[in-house]
Amino acid sequence: MSRYEPAVIEAKWQKAWDAAQIFAAWHDPLRPKYYVLEMFPYPSGRIHMGHVRNYTMGDVVARYKAAQGFSVLHPMGWDAFGMPAENAAMERGGHPRDWTYGNIADMRAQMKPLGLSIDWSREFATCDPEYYGQQQSMFIDMMASGLVYRKAAVVNWDPVDMTVLANEQVIDGKGWRSNATVERRELTQWFFKISDYSAELLSALDGLKDWPEKVRLMQANWIGQSRGLQFAFATVGAPAGFDTLEVYTTRPDTLLGASFAAISPDHPLAKALEAEDPAIAAFVAECRKGGTSAEALETAEKLGMDTGVRVRHPMDPEWEMPVYIANFILMDYGTGAIFGCPAHDTRDHEFASKYGLGIKPVFIPESQDFATELMDLPWIPYKTESVRYILGFAGEAVQTGEEAVAAAIAFCEAKGIGRGVTNYRLRDWGISRQRYWGCPIPVVHCEACGVVPEKKENLPIELPYDVTFDIPGNPLDRHPTWRHTTCPNCNAPARRETDTMDTFMDSSWYFARFTAPHAKTPTDAAEVDYWMNVDQYIGGIEHAILHLLYSRFFARAMHATGHLPAKAIEPFNALFTQGMVTHEIYLTRDANGRPIYHLPEDVRKVPIDGNLVPVLKSRLADINLDPDATEIPDDALQAISLLADMQVEVIPSAKMSKSKKNVVDPVNIIAAFGADTARWFVMSDSPPERDVEWTASGAEATHKHLARVWTLCARIGDMPGDHKGEGDDVLIRATARAIHEVTEAIEGFAFNKAIAKLYEFTNTLSKANASTGAMKAAIRTLAQLMQPMTPHIAESIWSVQGGNGLCALAPWPKADPALLVEDTVTLPIQINGKRRAEINVPAQMSPTEVEKIALANEDVQKFLAGATIKKLIVVPGRIVNVVV
RNA sequence: GCGGACGUGGCGAAAUCGGUAGACGCUGGGGUCUUAAACACCCUUUCCUAUGGAGUACGGGUUCAAGUCCCGUCGUCCGCACCA
C-alpha cells in the first residue's frame, strides 16, 4: 500500500461500483424495501456545500440500509422549471432549455465524484416532456374529478413586465425587476381545491410521528383552523340585493361590544357602492394600489370610509351601526366582512379611535372594580388572564377563551343568530403563471365549448422552442402559431391556454415518479405499491410549509384520480430537516462604515499578544512585510497591533453567499482532499439538524485523519502473519462496542456521534497490542463502519485486509451482546452528592457487597471521619451516594 | 402581537433513563525528531485566591443526587402575522 491518494482510489472504486451496477434499485419481492430521498436540486449550474451535506446524509442512510439487507431506492433528479432560466435568457441571451440542460450536465459532473450510491438510471428532469406530459395527464384527470377550477383572483401585477409576481417578488410595493409600482389586479387563474382538504391535512399531521414537531406545527399554523360564528346583519340603506351582510367572528362573546361593521374593498357590496358613488370608487381604487404581500399590507396605514349604509345589531334591532370599507379586510378570509369590537381588539380599537366610533367594553379584568365608570375603561386586549363578564350571554357566569366562544355560539344558535363555523386560513392553491419555462396547462379555450381539456393522445403539450425574451410578457402569448389549435371537442379553431403551472406542482409528485420513471402512465401500480412511501425524506427547513404541504395534498389528489394507492396519501414516512453549511465572513469597513468583504485567502492570522488576529495580506505588503512569510518578526507584530485599520472583522457561521465572498466550492475541496474528506467533514462537527461551520483547519484535520487510517491499514497489512499480542480480548471488546455505538448513532440520525465513536475506535485500534488476525478483523470492521461516510477509503481497506467482495455489499457487522457487558465497572462514590472516591468492582456484584467495599475505601473513611451515615444509595453499575 | 426552539470550555459539541459534566474534533500552549523547517508522534488546554473550591445564561424549588424535572427572569434564534 502506498500513500493515501484520494483521487486515485476514489476514481477506482466509483468505476468498480458502476461496473457492478450495485446501486441500481431492484424491485425484489423477497426483501424489505427502503426508499431514501433527498429533496432534488434546482439546476443552478454549480453544486454547493449544502448539496454535499444533504446528499451525504441521504447516502449514509442509503448505504447503511443496503448493508442491513434492504432493497434500497436512492434516486436523483432535477427540479428544472422556473424563473432563473428565463432570467438568464433575458440577461445573457440564450434559451432557458439550453441553459437548464447545460447546468444539469455540469452539476451531474460535479456530483458524481462524491461517490453517492445513487441509481442514476432513474434520473429525470421535470422539464423533460416525458415527465411534464404525465403531469398534464394527471391535471386532466384532476379537472375531471373537480379538484381543479378557474376563478378570478387578486394578484400582484407588474405593469411594466406585464406579468404576475409572487409575493416574494414584490419589494416595498415595487416589482423586483422592473421597479414599477405593483398593482393588485383581478385575473382569471387556475386553482387546486386544497382548501377542501384543510381539515384532513390538519388532522393527519398527528400521524406523522417521524416528522419534526416543528414542521408539523408550522403546517398546522399555516392551515390555521379557527372556530367562530357566522351570522347576518340586517342592513339599512344598502343597494338592492344587499339586504343582509354576512360576517364571521372568532369572538362572538364580544358581540355586545360591537360598534361598527367593515367590509373589504373587494367585497361585492363595495363593488355595488363603487358603481353609484364616485367618492367610494376613488377610495376603493386607492386601496387596490400596492401589493398583496404581508409586508405591503403591514406597512399600509389603516384606512376606512363610511359607506352610509347601516346595519342593525342582531340582538337589538334599534341598535344601528355604520358600515365602513376598510383596506385591512381580506376578501378571501371568512366572509370578507367583520364587526368591530374596539374594546377588546387592538386593531379595531385603533380603527375606532381614528374614526371616532364608540368603545364599549363587554368584560373587565377581575382585578378591576365593577363600579368604575365603564366608558373610561381602556381597551382590554384579547386573552386577558382573568376576566369577568359584565354583559354576556351566560348571565353572571365567568367564562374565558374557548369556553366563552363555545358558549356564545351555542347562545346565538339557540336564538337563531347565525351558526358555528370552522374556518381555515389555508387558501386554494393558485397555480397559473404567466411564464414560459413551466409545464403548459393542457386546456383549450373554444368559443363554442368553453374551456376544454386537451385529449390525452395529444400529450405532451410541448413548449415551443422558438421563443424570444426581448420584450416583457409571456412569450407563449405572442408566439405566432403555438396558441392556435383546434378544439378537442368540436374541432373548430380554438386558443391554447398560455398559462404554465407553478413549479411547486413539478415537485409535488416527483418522488412517486422515481418508482417508475419511464412508465407510459404517471405511475406504475406495481412499482408504486412496492416502493412507496418514501421511508426517509431529507431536505432543508425552508420547505417545511409549501413544498411539503403541496405534496401531501397532491398525493391525496393522485389517490383520488387513481394514481397512488391509499397507503401513499402521506408520502413521506419520516422527514429530516438538515442545517446549513456556514462559513466565516471577513470584512473591513469603508469611511462610511459600509462593509467590504474579503476572500479567506486574502486574510492571514498573525499572533499578537497570544491572540490570532486576522489581517489583510495586502496591508501586510503595504508595510513591507511578505504576507506569506512563515514568521513575522516581533517588532512588525508590534506595528501591526497599533494599526487597528489593518485588522479584519470576522463574522462566524454565516450563510455562504457570493456577495459575502465566503463560498467554499465543493469541487475545489474534492480536488484538494478528496470526496471522502468532504463527506466526513460535513457530517462530523455538528448534529445534522444544526448548522455546521466549514473550517479550512477542520477539513485538513479530516484529511489527516483519513491518511492516518490509511497508514494504520498499511502497518497492519505489513504485520507478520504469526504475530501474537496480549490485547486480543480488549480489542475484540472494543470492536463490539464500536459496532454497537456507531449503529445506534446512525439509527438515531446522530452522524456526528457516529464519527466521534469512529475516532475513538481508530485511536484504540492504532494503540492496540493484538495478534495479526485480531488487528485485521478489527480494521475490516472499521472499514465497514466507515463505509456509509467514507465509502472509497473503506473499499480500499476492505480489499487490502482480505474482505470478501465489495465493502458496500458486505452485510452490516453485528455486535455479540455478551461482549458489550463489562466484567468490572468503576463506580464513583459520592458523599453528600460530591464525588470523593471511586472503586473498581465486578459488574454483577450485589448492592450490599458494593456498600461494604465502598465504606471500607480509604478516601471514603477519610471524608466520613466517623460521622453517622443517614442513608446510603447504591445504583448498580452507576454510582454510590453516602448521605451523612 | 401569536406560536415554537434553544442557552454547556477559546470554538463545534457529548452526556437520549435524573447518577463521574466537558466524550470526540478544532484552535492555542509545550515537547520529541530535524542543521532548520514541514511531516509525524507525545503531553497539555473549564475557571479560581488551588493538597482545595467553584462551575452547564440568571434566581428559586423538588431530590440522596439536577445540564437533564418544576416555577420565575434575561437573552438568542426560527416560523406566522391587518386572519376578523
Side-chain angles (χ1 to χ4, degrees), chain A residues 212-215 217-222 224 226 228-230 247-252 254 261-262 264 294-295 297-302 326-330 332-341 345-348 350-351 381-383 423-427 541-542 544-545 605 607 610-612 630-631 652-653 681 684-687 690-693 695-702 704-705 707-708 711 744 748 750 752-763 826-838 870-884:
Chain A
E213 184 62 39
K214 182 191 167 97
V215 174
L217 211 99
M218 281 162 73
Q219 293 221 349
N221 288 339
W222 187 263
S226 68
L229 179 77
Q230 187 167 323
V247 300
Y248 173 73
T249 176
T250 56
R251 293 301 306 273
T254 65
S264 164
E295 288 103 325
L297 291 170
E298 191 176 2
T299 48
E301 199 192 343
K302 288 180 184 36
N327 64 343
F328 60 84
I329 303 194
L330 307 173
D332 47 10
Y333 188 79
T335 61
I338 63 157
F339 81 81
C341 174
D345 181 276
T346 323
R347 190 197 51 205
D348 292 349
E350 195 185 315
F351 191 80
Y382 273 14
K383 291 176 188 167
N423 239 320
Y424 296 90
R425 209 180 67 98
L426 184 65
R427 304 176 202 175
I541 187 74
E542 67 273 19
I545 297 174
K605 291 178 178 172
N611 297 314
L612 283 181
T630 44
E631 287 275 347
S653 300
F681 182 77
S684 67
D685 255 15
S686 294
R690 241 179 275 180
D691 290 351
V692 64
E693 168 127 16
T695 61
S697 55
E700 274 164 41
T702 298
K704 282 180 192 172
H705 171 72
R708 267 196 297 275
T711 316
E744 285 222 316
N752 57 324
K753 279 191 263 173
I755 284 178
K757 297 301 176 191
L758 287 169
Y759 270 113
E760 227 168 319
F761 182 46
T762 307
N763 291 341
T826 304
L827 290 186
I829 301 170
Q830 296 183 330
I831 293 165
N832 287 337
K834 284 197 200 310
R835 186 176 160 281
R836 296 298 187 189
E838 56 183 39
K870 286 188 191 142
K871 202 167 180 181
L872 205 152
I873 293 113
V874 177
V875 185
R878 287 281 191 185
I879 205 164
V880 180
N881 193 6
V882 187
V883 186
V884 293

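Each chain gets a letter, A, B and so on, in the order its sequence line appears, and its residues count up from 1.
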Once you apply a heavy-atom cut-off of 4.0 Å, does [X] come out as touching a base, just sugar-phosphate, or nothing?
X      : value
A:V875 : base
A:N763 : sugar-phosphate
A:P687 : sugar-phosphate
A:R427 : base
A:R878 : sugar-phosphate
A:I873 : base
A:K870 : nothing
A:L827 : nothing
A:E693 : nothing
A:S686 : sugar-phosphate
A:S697 : sugar-phosphate
A:K834 : sugar-phosphate
A:Y759 : sugar-phosphate

Worksheet item: Taking O4'-C1'-N9-C4 for purines and O4'-C1'-N1-C2 for pyrimidines, is B:G61 syn (within 90° of 0) or anti?
Response: anti

Could you please name the option among [options] that lies closest to any side-chain atom of [X]?
X      : options             : answer
A:L217 : B:U20, B:G79, B:G3  : B:G3
A:R425 : B:A21, B:A14, B:C80 : B:C80
A:A756 : B:C24, B:A21, B:A84 : B:C24
A:K753 : B:A40, B:U20, B:A14 : B:A14

Quick check on [N]: is either OP1 or OP2 less than 4.0 Å from any side-chain nitrogen or oxygen of [X]?
X      : N     : result
A:Y333 : B:A84 : yes
A:N752 : B:G12 : no
A:R690 : B:A13 : yes
A:R347 : B:C83 : yes

Using whole Å, report how far [atom1] of [X] lies from [atom2] of [N].
X      : N     : atom1 : atom2 : result
A:R835 : B:G22 : CZ    : P     : 9 Å
A:F339 : B:C83 : CZ    : P     : 14 Å
A:R708 : B:C26 : CZ    : C1'   : 12 Å
A:I831 : B:U20 : CD1   : C1'   : 14 Å
A:L872 : B:G19 : CG    : C1'   : 14 Å

Worksheet item: How many angstroms lie between CZ in A:R347 and CD1 in A:I329, if you round to the nearest 0.5 Å?
Response: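 One finds 6.5 Å between CZ of A:R347 and CD1 of A:I329.
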
Discussion item. Determine whether a donor-acceptor pair (N or O, by modelled atom type, separation under 3.5 Å) exists between the side chain of A:N752 and the backbone of A:D685.
Written reply: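 Judged by distance alone, no pair lies under 3.5 Å.
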
Worksheet item: Once the angle between the rings of A:Y248 and A:Y333 is folded into 0 to 90°, is it parallel (under 30°), tilted (30 to 60°) or perpendicular (over 60°)?
Response: perpendicular

Item to complete: Specify the residue among A:K871 and A:W222 whose closest nucleotide of RNA chain B lies further upstream toward the 5′ end.
Response: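 On the 5' side of the pair lies A:K871.
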
Discussion item. For A:N221 and A:T249, find the nucleotide of RNA chain B closest to each by heavy atoms; which residue's nucleotide sits nearer the 5' end?
Written reply: A:N221

Worksheet entry | Integer angstrom distance from the C1' of B:G67 to that of B:C17 | 15 Å

Discussion item. Say we look at B:G4 and B:U63: how far apart would their C1' atoms be, to the nearest angstrom?
Written reply: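 Taking atom C1' in both B:G4 and B:U63, they lie 30 Å apart.
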
Discussion item. Is any side-chain heavy atom of A:R836 closer than 4.5 Å to one of A:V882?
Written reply: no

